[in-house]
Amino acid sequence: MKKIMLLFIIISSLSATSFGQSLCGDVNSDGAVNVVDALLITQYYVGTLEELDEELGDVNSDGSVTINDSLLVAQYYTGSIPDLDCSFH
């Protein structure tokens, strides 16, 4: 029983990126969606960052990465909204 519980705890603690999946909004691929991702999306939008995974950055699935996506990531990080919606076209 202890081995099963330990295995469950280990599996539960693994992030989605451990299995090669991408997290919507995690544009720097560090395994977390946070204010750094919002900043990177903003930098991409204003042109000071040349490359960004647009599938992960388009968190409202409108087909483009804009300042709105950055604001949504920040709201998600603070808990103001429950989730993000990347379509992963």
Of the non-hydrogen atoms in [X] and [Y], which two are nearest, and what is the gap between them?
X	Y	result
Val33	Tyr76	CG1-CD2, 3.7 Å
Leu56	Ser22	CD2-CB, 3.5 Å
Gly25	Val73	CA-CG2, 4.3 Å
Val65	Gly57	CG2-C, 3.9 Å
Ala74	Ala38	N-CB, 4.1 Å
Leu72	Leu84	O-CD2, 3.7 Å

Close side-chain approach of Asp37 and Asn28, heavy atoms under 4.5 Å: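 Answer yes - side chains close enough.
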I need the Cys24 SG to Asp83 CG distance, nearest 0.5 Å.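 Taking SG in Cys24 and CG in Asp83, the distance rounds to 8.5 Å.
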Could you grab the distance from atom OH of Tyr44 to atom CD of Glu54, nearest 0.5 Å is fine?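 Output value for this atom pair is 3.0 Å.
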Residue of the set Leu52, Asp69, Thr66 for which side-chain contact (heavy atoms from CB on, under 4.5 Å) holds with Tyr45: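 Between Tyr45 and the candidates, side-chain contact (heavy atoms from CB on, under 4.5 Å) is satisfied uniquely by Thr66.
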Has Ser87 got a side-chain atom pairing as donor or acceptor with Ser61's backbone, closer than 3.5 angstrom?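 It does not hold such a pair.
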Give a yes or no on whether the backbone of Gly63 and the side-chain of Asp58 come within a donor-acceptor separation of less than 3.5 Å.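 Judged by distance alone, yes, a pair lies under 3.5 Å.
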If you group Ile, Leu, Val, Met, Phe, Trp and Tyr by side-chain heavy-atom gaps below 4.5 Å, do Val36 and Leu23 land in one group?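 Yes, Val36 and Leu23 fall within the same hydrophobic cluster.
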So if you build clusters from Ile, Leu, Val, Met, Phe, Trp, Tyr with side-chain heavy-atom gaps below 4.5 Å, do Leu71 and Tyr77 land together?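 Result: no, two separate clusters.
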Ser80 versus Thr78, side-chain donor and acceptor atoms under 3.5 Å: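 Checked: Thr78/Ser80 side chains pair up, N/O donor to acceptor below 3.5 Å.
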Return the set of residues passing side chain to side chain contact (heavy atoms under 4.5 Å, CB included) with Gln43 (not counting sequence neighbours), or none when no residue passes.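 Result, side chain to side chain contact (heavy atoms under 4.5 Å, CB included) vs Gln43: Leu39, Leu40, Thr48, Leu49.
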